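Keep in mind that what you see is a predicted model, and the values were worked out from it rather than measured.
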Amino acid sequence: MTYVHADATVVIGPLGRRAEPGAHDLCAEHAAKLTPPVDWQLIRIDSGQAPPERSHDDLLAIADAVREAADRADQTPSRTAPGHADDPASTGRRHGHLRIIGDS
């Protein structure tokens with residue numbers, strides 16, 4: 001999805017192949033529900049292709065990548081903010097904006 005402010009137009013098309021400033025990838029559900037601002041035009045461009053099917057192997061590869069990232073986080077010394085060690089909400093390791101919570 002991109003906005004063309006000069007033309008007061010919202011364009012919804014296929015997922016971008018690379019990051020573009022001002023472009024946003026939307027899931028099919030949100031793309032279908034999106035409404036443009038008042039007095040703006042909405043253009044939908046269909047790629048003509050069905051979304052790719054996800055196989056069991058694809059899901060396993062994603063799970064393996066998440067596990068590898070968690071293992072790397074285990075090896076990195078954690079930095080905890082003072083006063084937060086006793087906070088029950090702070091249990092788990094932070095990895096960027098994500099929190100990794102181990103099995104209890």
Side-chain angles (χ1 to χ4, degrees):
M1 170 188 73
T2 58
Y3 288 96
V4 182
H5 291 274
D7 297 329
T9 304
V10 178
V11 180
I12 297 179
L15 293 176
R17 296 192 184 274
R18 64 185 192 281
E20 297 280 342
H24 308 280
D25 288 337
L26 299 175
C27 68
E29 180 180 352
H30 284 101
K33 291 181 179 180
L34 186 121
T35 57
V38 175
D39 296 329
W40 280 49
Q41 179 182 11
L42 174 64
I43 298 174
R44 294 184 187 273
I45 300 172
D46 184 19
S47 68
Q49 298 176 351
E53 299 259 343
R54 301 287 185 230
S55 72
H56 183 68
D57 291 339
D58 292 336
L59 296 176
L60 289 176
I62 292 169
D64 288 341
V66 169
R67 280 190 211 102
E68 287 176 19
D71 288 344
R72 282 193 302 271
D74 283 342
Q75 297 169 1
T76 305
S78 64
R79 292 179 287 162
T80 57
H84 294 307
D86 297 329
D87 182 7
S90 69
T91 58
R93 295 176 314 280
R94 300 246 346 135
H95 184 73
H97 66 283
L98 303 175
R99 183 176 305 246
I100 302 169
I101 300 174
D103 295 334
S104 299

Checklist entry - Under the salt bridge (charged side-chain N to carboxylate O under 4.0 Å, His left out) rule, what pairs show up with a residue in residues 32-44, not counting sequence neighbours? => result E29-K33
Checklist outcome for this item: Residues pairing under side-chain hydrogen bond (donor to acceptor under 3.5 Å, both in side chains) where one sits in residues 4-14, two or more places apart or in two chains, turn out to be none
Show every donor-acceptor pair shorter than 3.5 Å between a side-chain atom in residues 60-68 and any protein atom, with sequence neighbours excluded, or say none if there are none.
unit_1, atom_1, unit_2, atom_2, d
D64, OD1, R67, NH1, 2.8

Item to check | Side-chain cluster (under 4.5 Å, hydrophobic types only) that V10 belongs to, other residues | outcome: M1, Y3, I12, L26, L34, W40, L42
